[in-house]
Undergrad: 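What follows is a single structure, and I will ask about it in a moment.
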Amino acid sequence: MEISTTSENTQRMEAARVLSPRRKSTTASTVEALAREQLQHFSVEPESEYGHALLNACSALYEAQADMDRLWKVTADTIEGLDRTDRIAWFNAKKFLSFQVAKILDTLQNPFRKSYQELDMSDDSLQAKGPYPIFDNVTALFSANPVIVRTATYIYACTEWVDDAFHGKEALHEIYSRLLNPTSISLANHIVDLEAGPHASEYLAWNFNSGMAAIDTLLGHVLGRGDIVLVSRNVYGGTWQLLHDFYGDERRLGAHIEWFDGYDRESFVSRAEEISEQYADQIAAGANVFFYVESPCNPHGFVLDIPGMSAESHKRGWTVIHDSTVATPFLDKPLQRANPDERPDYLIHSYTKDLTGNGNATAGVVIARNERMFIPKGEEMAGRSWQDTLFWDAYYIKGAFLDADKAFEVISGIKTLEMRMLKKCINTLVLARFLASHSGINVHCNALEGHWNHDQRERGLRFGLPAPLFTIDFEDSGLERETFISFFDSLSPVFNHMVSLGQCNTTILCPAFTSHSELDREALAESGIAPTNIRIAVGDENPKELIGHFLGASRLVIDRDHPGFSDRFMSPAEVDVLVRDTYLDVHSKYIQAGRSLESFLN
């Protein structure tokens with residue numbers, strides 16, 4: 001029993017020591033000694049009236065820190081075994097405890113501010129400094145939304161604390177907003193909760209100022225000279241250009257860029273075997289192999305067998321990078337698969353698209369297991385050194401951080417993700433089926449029954465819904481180039497001419513001239529992108545209005561050169577039935593797939 005008590009006291013002192021301004025150099029072995037040492041550090045006489053009050057306050061805080069540490073350990077050890085009622089009780093008890101701790105800090109502000117005022121600084125000094133940050137920021141802790149922290153840098157407590165911060169060992173000190181910012185960290189934690197769910201404690205995210213910045217920083221971190229990257233054929237044009245023209249350039253990194261045209265596990269195994277044989281010597285000499293995949297892919301929205309391909313990649317010791325921008329956590333959560341081998345190693349999103357949803361911010365994110373993302377300096381985790389993490393190797397030095405204002409926009413956008421995506425998926429089903437009713441239009445969308453990617457979409461995406469992205473072409477209609485271009489231009493304004501996707505409004509572009517213009521003629525053909533290809537990024541509008549305008553533009557332009565073209569679509573009455581039946585069917589599936597009330601009680 002005595003040993004247990006001694007051990008517990010040692011743990012409490014270790015926890016309490018974290019609060020000391022001399023946490024790295026203290027020789028104190030008791031809480032009172034820590035408190036007296038703190039007073040001495042700041043040249044306060046402990047026997048004075050002020051010193052006596054401060055000594056008691058410091059001692060109580062050291063004890064409270066030890067108790068908080070104990071509370072965290074108890075929570076971590078027992079939370080999964082609690083029933084829901086106990087979890088509710090524990091949460092609200094900690095919530096109120098947070099207010100109590102903040103109230104202590106708030107109470108401190110009066111004597112703190114008075115001490116500051118009594119320094120009797122001149123007006124020019126006061127104006128130059130502005131209000132001291134701590135005084136009026138305590139209540140911001142309880143803002144109903146994350147606070148937009150517009151600052152380049154932060155005040156820090158003392159020398160030893162900031163030294164720890166620069167080694168990644170003091171999370172309270174974010175040092176510099178190029179590295180860390182409270183608003184951006186709030187978003188990073190939020191996206192991990194959404195994507196990883198029950199595995200959230202195993203994952204970490206870093207935010208970037210665009211999706212391409214996230215991709216480039218990650219590739220620059222993981223790729224070495226002569227490494228091999230197997231890439232799914234249908235990726236965003238900017239990604240294609242980055243891999244093909246930069247990382248694959250011999251003058252730069254000289255990575256071997258290879259392409260994969262399949263969508264199922266079997267075709268991946270076949271291509272993986274070819275790669276293993278083709279690069280056997282390089283792999284034996286230490287070259288690493290990466291599989292870079294976009295699913296659902298851009299521009300067609302087709303779905304790949306990510307679980308199967310991840311498992312096959314990991315069998316071979318390959319690293320999997322999955323761009324899940326088009327899916328969002330609404331349609332797919334690849335990090336929540338029960339079998340870790342079926343999860344990608346890195347997950348990428350362009351926040352710019354559906355996660356923000358309104359087109360008012362460019363941002364991106366990379367999510368991966370903790371040991372791949374951050375380890376304090378000088379330490380190791382899961383066999384990996386701190387130097388090999390994304391934070392220290394790339395994020396810390398490249399400066400592609402996400403600022404607070406953009407982070408706030410993304411957080412705000414995510415609040416309506418479920419509602420927006422559900423309607424978009426319904427609209428995609430309606431639009432694809434309407435367009436497919438015309439024999440002269442090729443609809444490249446797995447929402448259609450009989451489409452070669454239909455079953456993979458059913459298995460791979462939530463509720464079996466399609467991604468709100470697909471393409472059509474008029475290659476079988478014999479449209480003249482001028483007719484096609486005039487028709488495309490006439491689709492505005494109901495179909496917005498914009499070069500992004502994932503907005504609330506429906507946007508269209510011709511990939512060959514815009515998003516995939518970096519690809520040469522051969523690469524475009526290999527990606528299934530024809531000259532008359534139109535990418536439709538479906539929005540939240542009334543689908544009947546979209547269809548009506550498409551018909552109107554067809555009558556205005558195409559019928560002029562190809563009489564009767566617009567008469568070959570399904571009738572207006574059939575469209576009304578299609579819209580009604582699709583809405584009812586999808587909402588029924590949505591409700592039926594939801595959790596039962598019983599699950600929220602246990």
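Each residue takes its place number in the sequence, starting with 1.
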Undergrad: Taking atom types as modelled and ignoring hydrogens, do the side chains of N542 and K423 form a donor-acceptor contact shorter than 3.5 angstrom?
TA: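 Short answer, no.
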
Undergrad: Side chain of R87, backbone of L82: donor and acceptor closer than 3.5 Å?
TA: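 The answer is yes, because a donor-acceptor pair under 3.5 Å joins these two groups.
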
Undergrad: Could you go through the side chain to side chain donor-acceptor pair (under 3.5 Å) check for S143 and N145 one step at a time?
TA: CA-CA 5 Å; S143 167; N145 289 298; 5.7 Å; no

Undergrad: Can N533 and D473 be counted as having a side-chain donor-acceptor contact under 3.5 angstrom?
TA: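 No, because no side-chain N or O of N533 sits under 3.5 Å from a partner of the opposite role on D473.
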
Undergrad: With a 4.5 Å limit on heavy-atom distance, are the side chains of S554 and F487 in contact?
TA: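 The answer is yes; the side chains approach within 4.5 Å.
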
Undergrad: Donor-acceptor check, side chain of N427 to backbone of G539, threshold 3.5 angstrom: yes or no?
TA: yes

Undergrad: How far apart are the C-alpha atoms of I321 and D345, what are their side-chain angles, what is the distance that settles it, and do they pass the side-chain contact (heavy atoms from CB on, under 4.5 Å) test?
TA: CA-CA 6 Å; I321 302 171; D345 298 293; over 6 Å; no

Undergrad: CD of E545: more than 12 outside heavy atoms within 6.0 angstrom?
TA: no

Undergrad: Begin with the C-alpha distance, continue with both residues' side-chain angles, and end with the deciding distance and a verdict on side chain to side chain donor-acceptor pair (under 3.5 Å) for E342 and S310.
TA: CA-CA 5 Å; E342 294 183 346; S310 294; over 6 Å; no

Undergrad: Establish, from distance only, whether the side-chain atoms of R568 and S439 form a donor-acceptor pair under 3.5 Å.
TA: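 Present: a donor and an acceptor within the cut-off.
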
Undergrad: Would you check if L347 and Y203 make a side-chain contact, meaning some heavy-atom pair closer than 4.5 Å?
TA: no

Undergrad: Over 60° means perpendicular and under 30° means parallel, so classify the ring planes of W206 and Y395, tilted if in between.
TA: parallel

Undergrad: For A407, does its backbone N or O pair with a side-chain atom of E409 as donor and acceptor, under 3.5 Å?
TA: no

Undergrad: Does D354 come within less than 4.0 Å of K424, counting only side-chain N to carboxylate O?
TA: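 Yes, this pair counts.
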
Undergrad: Grab the two heavy atoms, one from V326 and one from A467, that are nearest each other, plus how far apart they are.
TA: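 Answer, listing the atom of V326 first, then A467: CG1-CB, 3.6 Å.
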
Undergrad: Thinking salt bridges, do R462 and E418 make one under a 4.0 Å N-O criterion?
TA: yes

Undergrad: Where do I529 and H300 come nearest, in terms of heavy atoms and distance?
TA: CG1-NE2, 4.4 Å

Undergrad: Okay, side chain of E258, backbone of V229: is any donor-acceptor separation there less than 3.5 Å?
TA: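 Checking the backbone N and O of V229 against the side chain of E258, no donor-acceptor pair under 3.5 Å is found.
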
Undergrad: Any side-chain heavy atom of R337 sitting closer than 4.5 Å to one from P344?
TA: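 Heavy-atom side-chain distance check passes, below 4.5 Å.
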
Undergrad: Apply side-chain contact (heavy atoms from CB on, under 4.5 Å) to V443 and H438, showing your working.
TA: CA-CA 9 Å; V443 180; H438 196 295; over 6 Å; no

Undergrad: Measure the acute angle between the ring planes of F391 and F374, then classify it against the limits of 30° and 60° as parallel, tilted or perpendicular.
TA: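 Ring orientation of F391 relative to F374: perpendicular.
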
Undergrad: When rounded to the nearest 0.5 angstrom, what distance separates CZ in F550 from CG in L431?
TA: 9.0 Å

Undergrad: Under 4.5 Å between any side-chain heavy atoms of I441 and F569, yes or no?
TA: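 Touching, per the 4.5 Å side-chain cut-off.
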
Undergrad: Quick one: do E202 and R343 make a salt bridge, cutoff under 4.0 Å?
TA: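 Judged by the 4.0 Å cut-off on N to carboxylate O distance, E202 and R343 do form a salt bridge.
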
Undergrad: Going by the angle between their ring planes, with limits at 30° and 60°, are Y590 and H587 parallel, tilted or perpendicular?
TA: perpendicular

Undergrad: Are the aromatic rings of F401 and F208 close, with centres under 6.0 Å apart?
TA: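 No.
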
Undergrad: So Y292 and L230, do their side chains get closer than 4.5 Å, heavy atoms only?
TA: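 Result no, sub-4.5 Å side-chain heavy-atom pair not found.
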
Undergrad: Distance only, no hydrogens: is a donor on one side chain within 3.5 Å (strictly under) of an acceptor on the other, for N446 and Y263?
TA: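 Their side chains do not contain a donor-acceptor pair, so the 3.5 Å distance test is not met.
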
Undergrad: Answer yes or no: is there a donor N or O on one side and an acceptor on the other, between the side chain of H454 and the main chain of E449, under 3.5 Å?
TA: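 Answer holds: no.
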
Undergrad: Please tell me whether H349 and T325 have a donor and an acceptor in their side chains that are separated by less than 3.5 angstrom.
TA: no

Undergrad: Would I536 and T471 count as a side-chain contact (heavy atoms from CB on, under 4.5 Å) if you check the C-alpha gap in whole Å, the side-chain angles of each, and the deciding distance to 0.1 Å?
TA: CA-CA 6 Å; I536 303 175; T471 64; over 6 Å; no

Undergrad: Carefully, step by step, assess T582 and D585 under the rule side chain to side chain donor-acceptor pair (under 3.5 Å).
TA: CA-CA 5 Å; T582 304; D585 178 58; over 6 Å; no

Undergrad: Does any N or O in the side chain of T416 come within less than 3.5 Å of the main-chain N or O of G413, such that one atom is a donor and the other an acceptor?
TA: yes

Undergrad: Which heavy atom of L551 sits nearest to which heavy atom of S566, and what is that distance?
TA: CD2-O, 3.9 Å

Undergrad: In Å, rounded to the nearest 0.5 Å, how long is the span from CZ of R433 to CG of L448?
TA: 7.5 Å

Undergrad: For this output row, return yes or no: ring centroids of F268 and F291 closer than 6.0 angstrom.
TA: yes

Undergrad: Would you say the ring centroid of W318 lies under 6.0 angstrom from that of F290?
TA: no

Undergrad: State whether the side chain of T532 and the backbone N or O of F474 hold a donor-acceptor pair below 3.5 Å, judged by distance alone.
TA: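 Yes; at least one donor-acceptor contact below 3.5 Å.
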
Undergrad: When you measure from the side chain of N181 to the backbone N and O of V149, does any donor-acceptor pair fall under 3.5 Å?
TA: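 Yes; at least one donor-acceptor contact below 3.5 Å.
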
Undergrad: List the atom of E174, the atom of A171, and the distance in Å for their closest heavy-atom pair.
TA: CG-O, 3.9 Å

Undergrad: Using atom types as modelled and distance alone, determine if a side-chain donor or acceptor of D388 lies under 3.5 Å from a backbone N or O of R384.
TA: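 The answer is no, because no donor-acceptor pair under 3.5 Å joins these two groups.
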
Undergrad: Establish, from distance only, whether the side-chain atoms of E294 and S232 form a donor-acceptor pair under 3.5 Å.
TA: no

Undergrad: Indicate whether the side chain of K353 and that of S350 have a donor and an acceptor atom separated by less than 3.5 Å.
TA: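 Yes.
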
Undergrad: Verify side-chain contact (heavy atoms from CB on, under 4.5 Å) between I348 and L218, making sure each step is shown before the conclusion.
TA: CA-CA 9 Å; I348 295 172; L218 176 59; 3.9 Å; yes

Undergrad: Do R459 and Q456 have side chains that approach each other closer than 4.5 Å (heavy atoms only, starting at C-beta)?
TA: yes

Undergrad: Find out whether L390 and T217 are in side-chain contact, i.e. whether some heavy atom of one side chain is under 4.5 Å from a heavy atom of the other.
TA: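 Yes. Closest side-chain heavy atoms under 4.5 Å.
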
Undergrad: Given side chains that start at C-beta, do those of H322 and D332 come closer than 4.5 Å, heavy atoms only?
TA: yes

Undergrad: Using modelled atom types and a 3.5 Å cut-off, is there a donor and acceptor pairing between side-chain atoms of S599 and backbone atoms of S596?
TA: yes

Undergrad: Could you go step by step and tell me if D261 and R233 meet the salt bridge (Lys or Arg N to Asp or Glu O under 4.0 Å) rule?
TA: CA-CA 5 Å; D261 293 302; R233 178 69 65 181; 2.7 Å; yes

Undergrad: Check the side chains of D476 and N442 for a donor-acceptor pair under 3.5 angstrom, ignoring hydrogens and angles.
TA: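 Side chains of N442 and D476: pair found under 3.5 Å.
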
Undergrad: Testing the basics here: between P340 and A338, what is the closest heavy-atom pair and its distance to 0.1 Å?
TA: CD-O, 3.2 Å

Undergrad: Can you confirm whether the side chains of Q592 and S588 place a donor and an acceptor under 3.5 Å from each other?
TA: yes

Undergrad: Hey, could you give me the OH/CG distance between Y346 and D323, rounded to the nearest 0.5 Å?
TA: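 If I round to the nearest 0.5 Å, the distance is 15.5 Å.
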
Undergrad: Roughly how far apart are I79 CD1 and D86 CG, rounded to 0.5 Å?
TA: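 That separation rounds to 8.5 Å.
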
Undergrad: Side chains of Y351 and N207: do they bring a donor and an acceptor to under 3.5 Å?
TA: yes

Undergrad: Distance only, no hydrogens: is a donor on one side chain within 3.5 Å (strictly under) of an acceptor on the other, for E574 and S571?
TA: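 S571 and E574 do have a side-chain donor-acceptor pair below 3.5 Å.
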
Undergrad: Do we get R457 above F302's six-membered ring, with its NZ or CZ under 6.0 Å from the centre and within 45° of the axis?
TA: no

Undergrad: What is the minimum heavy-atom distance between N370 and S201, and which atoms define it?
TA: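 The answer is ND2-O, 2.8 Å.
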
Undergrad: Taking the six-membered ring of F470, is the NZ or CZ of R535 close enough (under 6.0 Å from the centre) and on axis enough (within 45°)?
TA: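 So R535 doesn't make the cation-pi contact.
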
